[in-house]
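Read through the structure below, which is laid out as C-alpha cells, and then see the notes.
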Amino acid sequence: MPELPEVETTLRGIRPHLEGRRIARLIVRNPRLRQPIPPEMPERVAGQTIRSLRRRSKYLLIGLEHGSLLVHLGMSGSLRVVTAGSPPRTHDHLDLILSDGGILRFHDPRRFGIFLWISMSPEIALVEHPLLCRLGPEPLENDFTGEHLYRSSRSRRVAVKSFIMDSAVVVGVGNIYASESLFLAGLHPARACNRIDQGGYERLAETIRLVLRASIEQGGTTLRDFVNESGAPGYFAQSLRVYGRAGESCRICGTLIRQQKIGQRSSFHCPHCQPQAIDAGSAAFFDEE
DNA sequence: CGTATCTCCTGCAAGC
DNA sequence: TGCTTGCAGGAGATAC
C-alpha cells in the first residue's frame with residue numbers, strides 16, 4: 001500500500017531512467033482509473049522531454065516541456081521500468097515509452113490510482129492544482145513540527161489517528177505509519193486530538209519522522225502489492241511493531257496487541273504502551289533511549 | 001468550519 | 001469444490 005515511503009522509493013528508483021529522456025509515445029490499455037484518462041492524453045505527451053521529477057505528498061509530479069504528469073499510486077499501484085518487448089501483465093494499464101527504449105509501466109489492480117496530464121508546470125501545480133494546493137506540510141521537511149500539530153489540533157476533537165491521517169494537517173501518513181508512529185510516541189490512537197499536550201505532539205512529530213525515514217531506508221513496506229521500480233518488494237514490513245499484529249505480543253512489554261476501528265480504518269495499538277491517558281515520558285520509544 | 005459517511009475497485013480469505 | 005460475504009484502503013465528494 002503506497003504511503004509516503006513507497007512513493008519516495010518509487011521516485012528514487014524511476015528518476016534515473018526518466019530524467020532528460022524524451023517520451024516517444026503513451027499506450028493506454030485501460031483508461032478507467034480513479035479519474036478516466038482522456039483520449040487526447042497520448043498526443044499531448046508524445047514528443048516531450050521529461051525535465052524533472054518530484055514528490056508532493058503521495059503524488060508524483062513529472063515535469064514536461066509543456067505541463068506535467070500527475071501520478072498517484074492509490075492503494076495498489078506501482079510503477080516499474082521495463083525493457084522494450086516485456087509482455088504486459090494483467091492490470092498493466094499504461095506504458096510510457098521512452099525514446100531510448102525504456103518503458104515506464106503503470107500497474108494498478110484496484111484502479112484507485114491517478115495518471116493525468118495537466119497543463120501546469122510542477123511549480124504552478126503545487127500551489128494551484130486542486131489536488132495539491134490544500135495539502136499540509138511534508139513530514140520530512142522543516143515546517144512540520146510538534147507545534148504545528150498542537151496548534152492545528154486545538155479546534156478539533158477527532159481521534160488523533162484520524163487527525164494525523166488528514167492530508168490538510170500533514171501529508172503522507174497513511175494507515176500503517178499512523179499506527180506505528182502513535183505506538184512509538186506512546187499515544188492511544190483513539191484519544192481526542194485536542195486532549196494531547198504540546199509535549200505529546202513533539203514526541204509524535206518526532207516518531208512520524210523516525211518511522212517514515214526508517215521505512216524509506218528499507219525500501220518501503222510491502223504487505224501485498226507494493227514493488228519498487230525493479231519489481232522488488234520493500235522490507236519495512238518486518239519492522240512493524242503494531243500494524244497487522246492483532247493478538248500478537250507487544251515487542252516492548254509483551255501485552256497482546258489490540259485491533260479496533262477508528263474512523264472506518266483498522267487500527268492497532270498496545271494497551272499497556274499506549275494507555276488512554278499517560279504520564280509524560282512513558283512512551284515506548286523514548287523509554288528505549 | 002468540522003465531522004462522519006459514502007464511494008471508487010479487485011484480490012484474497014473465511015465461512016458455509 | 002464452489003459459492004457468497006467481508007475486508008483491505010487513499011482520499012475526494014457529499015451531507016449535515
Side-chain angles (χ1 to χ4, degrees), chain A residues 1-11 29-37 55-61 70-79 88-94 106-116 118 125 128-139 149 151-181 189-195 208 212 215 220-227 233-234 236-237 240 242-247 259-268:
Chain A
M1 291 151 209
E3 299 188 24
L4 187 148
E6 291 73 39
V7 180
E8 183 68 25
T9 297
T10 298
L11 171 69
R29 292 191 196 82
N30 185 351
R32 291 172 303 152
L33 299 183
R34 181 179 169 79
Q35 293 189 23
I37 295 175
R55 178 187 61 73
R56 172 71 171 116
S57 182
K58 298 172 190 170
Y59 292 93
L60 290 171
L61 269 167
L70 181 61
V71 182
H72 195 292
L73 300 179
M75 63 164 294
S76 62
S78 58
L79 287 168
R89 301 164 302 166
T90 310
H91 308 306
D92 282 345
H93 306 312
L94 291 170
F106 183 82
H107 175 88
D108 187 8
R110 295 179 206 180
R111 292 197 272 120
F112 280 14
I114 287 177
F115 201 109
L116 283 180
I118 59 177
E128 292 190 7
H129 193 279
L131 293 177
L132 304 176
C133 66
R134 283 181 287 273
L135 295 173
E138 288 286 332
L149 289 178
R151 275 190 285 105
S152 311
S153 59
R154 292 309 87 186
S155 60
R156 306 185 53 176
R157 53 182 66 176
V158 288
V160 60
K161 174 159 178 282
S162 303
F163 175 68
I164 59 172
M165 289 177 66
D166 181 346
S167 63
V169 173
V170 56
V171 301
V173 184
N175 204 37
I176 297 172
Y177 300 113
S179 282
E180 293 299 302
S181 51
R191 221 160 122 188
C193 67
N194 61 352
R195 295 193 54 217
I208 287 173
L212 294 177
S215 181
T221 300
T222 298
L223 292 182
R224 181 174 301 158
D225 300 301
F226 177 71
V227 290
F236 193 68
L240 296 176
V242 287
Y243 184 87
R245 300 191 63 240
Q259 175 172 6
Q260 74 182 90
K261 288 268 185 195
I262 296 173
Q264 317 283 78
R265 292 286 175 265
S266 287
S267 295
F268 300 86

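Every chain is numbered from 1 and lettered A, B, ... according to where its sequence line falls, protein lines coming before strand lines.
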ask   = How does protein contact run along nucleotides 11-16 of chain C, one letter per nucleotide 5' to 3', with B for base contact, S for sugar-phosphate only, - for none, heavy atoms under 4.0 Å?
value = BS----
Minimum-distance nucleotide to [X] side chain [options: [options]]:
X	options	result
A:Arg111	C:dA8, B:dT10, B:dC8	B:dT10
A:His91	B:dG11, B:dT5, B:dT3	B:dG11
A:Gln264	B:dT3, C:dA8, B:dT5	B:dT5

If you round to the nearest 0.5 Å, how far is [atom2] of [Y] from [atom1] of [X]?
X	Y	atom1	atom2	value
A:Asn175	A:Ser267	CG	OG	6.0 Å
A:Ile176	A:Glu6	CD1	CD	6.5 Å
A:Asn194	A:Arg156	CG	CZ	10.0 Å
A:Arg56	A:Glu138	CZ	CD	5.0 Å
A:Leu79	A:Thr9	CG	OG1	12.5 Å

Using whole Å, what does the distance between atom [atom2] of nucleotide [N] and atom [atom1] of [X] come to?
X	N	atom1	atom2	answer
A:Asn30	B:dC9	CG	P	11 Å
A:His93	B:dC9	NE2	P	11 Å
A:Leu73	C:dA8	CG	C1'	17 Å
A:Arg110	B:dT7	CZ	P	19 Å
A:Phe112	B:dT7	CZ	P	12 Å
A:Glu6	C:dG9	CD	P	13 Å
A:Leu33	B:dC8	CG	C1'	11 Å
A:Asp92	B:dT10	CG	P	15 Å

message = If the cut-off is 4.0 Å, is A:Ser76 near the phosphate of B:dT10, judged by side-chain N/O to OP1 or OP2?
response =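 No.
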query = Any side-chain N or O of A:Lys261 less than 4.0 Å from the OP1 or OP2 oxygen of B:dA4?
reply =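 For B:dA4, OP1/OP2 do not have a side-chain N/O of A:Lys261 under 4.0 Å.
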query = Will you find, in the side chains of A:Gln259 and A:Ser266, an N or O donor that is under 3.5 Å from an N or O acceptor?
reply =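 The answer is yes; a qualifying pair exists.
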Helix axis bend for the helix from B:dG2-C:dC16 to B:dC16-C:dG2 - C1'-based end axes, five pairs, 10° rounding =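 Computed from the C1' atoms at both ends, the axes differ by 50°.
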5′-ward residue of the pair A:Cys193/A:Arg32 relative to DNA chain B =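 Going by which nucleotide is closer to the 5' end, it is A:Cys193.
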query = Parallel, tilted or perpendicular for A:Phe115 and A:Phe106, by the 30°/60° rule?
reply =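 Rings of A:Phe115 and A:Phe106: perpendicular, as their planes differ by over 60°.
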inquiry  = Applying side-chain contact (heavy atoms from CB on, under 4.5 Å) to A:Leu60 and A:Leu11, what does each step give before you reach the verdict?
reply    = CA-CA 7 Å; A:Leu60 290 171; A:Leu11 171 69; 3.8 Å; yes
task = Classify the nucleic acid contact of A:Ser155 as base, sugar-phosphate or nothing, counting any heavy atom under 4.0 Å across all strands shown.
result =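 Sugar-phosphate: the residue A:Ser155, judged by heavy atoms under 4.0 Å, touches backbone atoms but no base.
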query = In chain order, what residues pass the ring pair (Phe, Tyr, Trp, His ring centres under 6.0 Å) check against A:Phe112, with sequence neighbours excluded?
reply =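 Partners of A:Phe112 under the ring pair (Phe, Tyr, Trp, His ring centres under 6.0 Å) test: none.
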ask   = Taking side chain as C-beta onward, heavy atoms only, is A:Leu70 less than 4.5 Å from A:Leu61?
value =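 A side-chain contact under 4.5 Å exists here.
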